[in-house]
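Shown next, in structure tokens, is the structure this report addresses.
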Amino acid sequence: MELRYDPKEIDRKWQDRWDKDGLHRVDNDDPRPKWYEMTMYPYPSGDLHIGHWYAMAPADCHARFRRMQGYNVLHPIGFDAFGLPAENAAISRGVHPYSWTMSNIENMRKQLRSIGAIYDWDREIVCCLPEYYRWNQWLFLKFFHQGLAYRAKAPVVWCPSCQTVLANEQVINGSCERCGTTITRRDLEQWFFRITQYADRLLDFSGLLDWPNKILTMQTNWIGRSEGVEISFDISDKGLEQKEISTFTTRIDTIFGVTFIVLAPEHPLVADLTTEEHREAVEAYVDQARRTSEIDRLSTDTDKTGVFTGSYAVNRLNGEKVPIYIGDYVLMTYGTGAVMGVPAHDARDFVFAQKYRLPVRIVVAPISWDGSELTEAYLGDGFMTNSGAYDGMTDEEGIEAISADIEKKGWGRRTVSYRMRDWLVSRQRYWGTPIPVVYCDKCGIVPVPEDELPVLLPTDAEYIPTGEGSPLASNAGFLNTNCYRCGGTARRETDTMDTFFDSSWYMLRYTSPGYSDGPFDPAVKDWLPVDQYTGGAEHAVMHLLYSRFFIKGLHDMGVVDFEEPFLRLFNQGVILGEDHEKMSKSRGNVVNPDEVVEGLGADAVRCFMMFIGPWDQGGPWSEVGINGVARWLNRVWDIVVREPSDLDAANVDPESVRDTIRLLHQTIRRCHNDLDRFKFNTAIAGLMELANHLNRVWAEGSIDSATWRECIENFLLMLAPIAPHVTEELWERTGQAYSIHQQAFPSWDDALAAEDTITLVVQVNGKVRDKLEVPANIEEAAAQELALASPKVRSYTDGKSVSKTIYVPGRLVNLVVQ
RNA sequence: GCCGGGGUGGCGGAAUGGUAGACGCGGCGGACUUAAAAUCCGCUACCUUCACGGGUGUGUGGGUUCGAAUCCCACCUCCGGCACCA
């Protein structure tokens, strides 16, 4: 393609100029209203992918649009620099994670600059640097002192490949979110954050202004709140210290249908309840369950297996003895790790009962039930039956009555269970923030005092994981220390923090990245919270949930005065390869943005990212597609550099001038509304239409030079947030004062945008039969008269009677004929 | 299995109850050129007609409505998420 201008030269020229002039420096004291628009910071993999462009270029356009609307805009950038991938890559290349990460960042800064975004680089944050992670430690201690961080032994998720524990949120289909390895469980003592204490507040989305429903649904499902009853079964005849087994159910109305109890294989009572006769079988089963992979164990396809313990428990409501089984479909990590088996009204219990020939007793009768046996569990509503005093109640009434009675008798209590577990924040890896506590033989867990922070991550440590705990444990200089309380010998915590810790509060740090007396400067708190956040939907139940929790915690501690970190959220889609498949090296469909920028310029890539389709839908890369927008930018160049005085006043057609002004105002309105709602593709389409129109009237010579100038000026202003480099250049070439990016977005006049004629569609029985050009303000009677007079229409109405006429002002007349 | 979001020309897409296919790509024809590229102009859903025109058409089948891509019901299909949570 032959270019009218050299995008490479223009990109460089203006990027240097903006840098030199500090055009993107954000002033905290600017009197204009603030707008904090943030995009998820990238992981410094070392190479800026086209996916980064897809996330960042439209986000920058939106932030620029807000700035042109008169806001003081903070649109920052940083690097998510800690974490497993950096470490793994560093290990395989034999370079230190620090130097690997920092050289990647150096490279990515250059690539990011090529986007031409309004990032204020003075506010950049890099969370693997001590000036950032010391505040991770400071915040960790805040949560610790608040009782929201605790250390406990629990069955945790372990990735054998990454050699570390993971949070539940990092397990995807039983595999490690990062490397895909099937995870296992380990009983380990770990650091947790009490996110479950905030479960109900996290379910309350009323503090959010505009979030995709999809994310709200995902968070709601992840938290998985269920109201139910904890009900205990009597095992006092076993002579054990533990006199009862507690189970959790949401269907206490089915308590009379219990025909067995199932314990999770890891349940602490398993060994005690197993009789001699069944010991061998039970031990074999438990052993087997322990070896079964998490994937198989959680697969819904596998049938329900179990083994009888030989013991029985008593259902206190009817005095019945029911057998106690062990089954791996019961999870130790949910509820009490034991369930009451009600085969008639639970699909899983039904399958289990069939397999082990356990009785099925219906206690909630289906509506019109004829008394016959069930072929599957009945989960619907009905009237209680076989339930003693509760017979005849609806199941809803049954839940109320039985719950109340159980509480009265002390056999159980109403409670709420959550699917979500506490957030496991410790990792057995090197490349992360050291957890700021020491272990003293005398004093136990001792937090590092605030004024001793940061606890520096030693640079001379072994960072290759051994599988025998954290790499830092083998670094004597780090490990051995003195107790901050008694001064005696102590060991440092050698686990590091989950990297989601970094991103849980980074929106605070951007407001004052150099501040050294706290995580952020309270003097600039007016920036917060974030007005608009953009990023991928894959963080729905990880980063976005953690961050909401974190900020609520900090709110309760008085660190911040708001409860939601991100008021509005927009999820962009995924950019696909030219073959419509997900981009991957193995498919060979990866696009290198640097090469395209080199050839066609940053603005062409920006435009294409926005023109490809709705931003939330993603879409396929297209070589010919980007050539199309590059060609359009050249056409724009060609049109804009024309000399307006070449227009000959003698040819001016007032009607054409009016049409042009009207289209200009319509385009301003459309472009404004579209950019406001992230509808970049239709905003660009509108600008293309305006450019086509201008090109046409130029050829006709039908407008005057003043109108031409007005159109060109406004056109450039509208294009400026989309294509900042070429518009700045053209702004200069058309004799306007630097910088176009400090101008206001054009405003429109509805009166000038109004059409004075419309195309009146005439339908007969809903089918279009004619189109008439009529004055926009036509009255109904006149419109009908014109419609009926149309010869085309008459051929359909002649000899028939018009029984009804529908008139839609400004649009159509529909004649209903018999 | 459950919960979301989709399915519109050759392609990306526009239109959220009122002219289906804006805008762009591709294709075809023309201008310019010795020629090609680039650029510019015109045409471009399908069937039918010499033409004017007519008919059909937004995954499939029903429905509501004067009128449906748009609303309702059922189904097919693609993508994403969750998946024994008692």
Side-chain angles (χ1 to χ4, degrees), chain A residues 1-4 172-174 212-218 220-222 224-226 228 247-251 254 262 297-304 327-331 333-342 345-349 351-352 417-421 537-538 540-541 573-574 576 580 582 607-608 611-614 616-629 631-632 634-635 638 679 681-689 691-692 695-696 699 759-768 770-771 792 795 803-808 810-817:
Chain A
M1 193 188 315
E2 211 170 277
L3 300 175
R4 299 289 169 100
I172 312 292
N173 282 331
N213 276 324
K214 178 186 169 166
I215 303 291
L216 305 187
T217 306
M218 284 169 76
T220 304
N221 293 342
W222 182 262
R225 183 181 201 276
S226 333
T247 66
F248 175 76
T249 180
T250 55
R251 290 296 305 274
T254 64
V262 189
R297 192 123 171 229
L298 291 178
S299 161
T300 39
D301 312 327
T302 54
D303 67 351
K304 310 286 170 271
D328 69 0
Y329 79 94
V330 177
L331 308 175
T333 48
Y334 183 76
T336 60
V339 301
M340 54 182 225
V342 186
H345 304 292
D346 182 280
R348 297 150 302 180
D349 296 346
V351 174
F352 191 82
S417 269
Y418 299 93
R419 210 191 79 113
M420 179 173 67
R421 318 275 15 119
E538 67 274 16
V541 294
V574 178
L576 303 170
H580 290 56
K582 209 174 155 177
C607 276
F608 183 63
F611 188 60
I612 198 166
D616 54 350
Q617 268 172 44
W621 175 263
S622 164
E623 180 84 35
V624 290
I626 190 164
N627 282 336
V629 293
R631 194 152 57 203
W632 180 67
N634 277 276
R635 222 162 109 96
D638 185 60
K679 295 178 73 176
N681 57 328
T682 48
I684 293 172
L687 291 174
M688 286 175 168
E689 283 180 60
N692 290 344
N695 196 44
R696 200 174 315 120
T759 307
L760 183 74
V761 174
V762 184
Q763 297 182 335
V764 179
N765 289 342
K767 284 194 192 296
V768 179
D770 202 1
K771 296 169 189 178
K792 285 179 187 164
S795 64
S803 61
K804 192 175 175 184
T805 308
I806 284 101
Y807 176 65
V808 181
R811 290 211 177 260
L812 61 70
V813 172
N814 185 14
L815 304 169
V816 184
V817 302

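Just so it is clear: chains get the letters A, B, ... in the order the sequence lines come, proteins before strands, and each one is counted from 1.
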With a 4.0 Å cutoff (strictly under), does any side-chain N or O of Arg631(A) reach OP1 or OP2 of G26(B)?
yes

Heavy atoms of Asp349(A) and Gly341(A) approach each other most closely as OD2-CA, 3.5 Å

Suppose you measure atom C1' in G81(B) against the same atom in U64(B); what distance do you get, rounded to whole Å?
33 Å

How about Arg419(A) and Asn221(A): does a side-chain donor come under 3.5 Å of a side-chain acceptor?
no

Taken to the nearest whole Å, NZ/Lys304(A) to P/G1(B) is 14 Å

Could you tell me whether the side chain of Lys214(A) has a donor or acceptor atom within less than 3.5 Å of a complementary atom in the base of C3(B)?
no

Round to a whole Å and report the spacing from CE of Met688(A) to C1' of G24(B).
5 Å

Roughly how many Å apart are G12(B) and G7(B), using the P atom of each and rounding to a whole number?
11 Å

P gap between G18(B) and G13(B), integer Å
22 Å

Among the nucleotides A83(B), G24(B), C3(B), whichever has the atom closest to the side chain of Trp222(A) is A83(B)

Rounded distance [0.5 Å steps], OG1 in Thr249(A) versus CE in Met340(A):
3.5 Å

For Asp346(A), all residues meeting salt bridge (Lys or Arg N to Asp or Glu O under 4.0 Å), sequence neighbours excluded
Arg348(A)

Considering only A86(B), U39(B), C66(B), which nucleotide approaches the side chain of Arg4(A) most closely?
U39(B)

Would you say the side-chain atoms of Ser417(A) pair up with the backbone N or O of Ser226(A), donor to acceptor, closer than 3.5 Å?
no

Here the gap from Tyr334(A) atom OH to Met420(A) atom CE, rounded to the nearest 0.5 Å, amounts to 12.0 Å

How is Asp616(A) classified with respect to the nucleic acid when contacts are heavy atoms under 4.0 Å: base, sugar-phosphate, or nothing?
nothing

side-chain contact (heavy atoms from CB on, under 4.5 Å) filter on Thr805(A), not counting sequence neighbours, yields Gln784(A), Val802(A), Val813(A), Leu815(A)

Which value, in whole Å, describes the distance between the P atoms of nucleotides A83(B) and U8(B)?
31 Å

Could you say whether Asn765(A) or Val629(A) is positioned toward the 5' end of RNA chain B, judged by the nucleotide with the nearest heavy atom to each?
Val629(A)

Just call it for Ser226(A): base, sugar-phosphate, or nothing, with non-hydrogen atoms closer than 4.0 Å on any strand.
sugar-phosphate

Could you go through nucleotides 19-21 of chain B and list every protein N or O atom that sits under 3.5 Å from one of its N or O atoms, giving the distance for each pair?
residue, atom, partner, partner atom, Å
U19(B), O2, Lys771(A), NZ, 3.0

Return the set of residues passing ring-ring contact (aromatic ring centres under 6.0 Å, His included) with Phe608(A) (not counting sequence neighbours), or none when no residue passes.
Trp621(A)

Considering only atom P, compute the distance from C41(B) to G62(B) and round it to an integer number of Å.
46 Å

Distance check, rounded to the nearest 0.5 Å: Tyr807(A) atom OH versus Leu812(A) atom CG?
9.5 Å

Taking only Watson-Crick and G-U wobble pairs with both distances under 3.5 Å, what dot-bracket line describes RNA chain B, where [ ] shows pairs that cross earlier ones and | shows pairs with another strand?
(((((((..(((.....[....)))((((((.......))))))((((....))))..(((((..]....))))))))))))....

For Asp638(A), report the nucleic acid contact type (base, sugar-phosphate, nothing); a contact means any heavy atom under 4.0 Å.
nothing

For the pair Phe352(A) and Tyr329(A), name the ring-plane relationship: parallel under 30°, tilted 30 to 60°, perpendicular over 60°.
tilted

Atom pair CZ (Arg4(A)) and CZ (Arg635(A)), whose distance is rounded to the nearest 0.5 Å
10.0 Å

Residue whose closest nucleotide on RNA chain B lies nearer the 5' end, Val339(A) versus Lys804(A):
Lys804(A)

For a quick check of understanding: with a heavy-atom distance under 4.0 Å over all strands, which category does Val808(A) fall into, base, sugar-phosphate or nothing?
base

Quickly work out the Ile684(A) CD1 to C25(B) P distance and round it to whole Å.
13 Å

At what distance, to the nearest 0.5 angstrom, does CG of Asp616(A) lie from NZ of Lys679(A)?
10.0 Å

Give me the distance, rounded to whole Å, that separates C72(B) from U16(B) when you measure between the C1' atoms they each carry.
15 Å

Look at Asn695(A) and C41(B) and indicate whether a side-chain polar atom (N or O) is within less than 4.0 Å of OP1 or OP2.
yes

Could you check G10(B) for me: syn (within 90° of 0) or anti?
anti

Can you tell me if the side-chain N/O atoms of Arg635(A) get under 4.0 Å from OP1 or OP2 in C40(B)?
yes

Could you work out the separation of A15(B) and G1(B) based on their P atoms and round it to a whole Å?
34 Å

How far does the C1' atom of C46(B) sit from the matching atom of U58(B), given to the nearest Å?
13 Å

Is Arg419(A) close enough to A83(B) that one of its side-chain N or O atoms is under 4.0 Å from OP1 or OP2 there?
yes

Please write out the pairs of protein N or O atoms and N or O atoms of nucleotides 13-17 of chain B separated by less than 3.5 Å, giving the distance to one decimal.
residue, atom, partner, partner atom, Å
A14(B), OP1, Asn681(A), ND2, 3.0
A15(B), OP1, Lys679(A), NZ, 3.3

If I take atom CZ from residue Arg811(A) and atom CG from residue Leu760(A), how far apart are they, to the nearest 0.5 angstrom?
11.5 Å

Do the side chains of Gln763(A) and Ile806(A) get nearer than 4.5 Å, heavy atoms only?
no

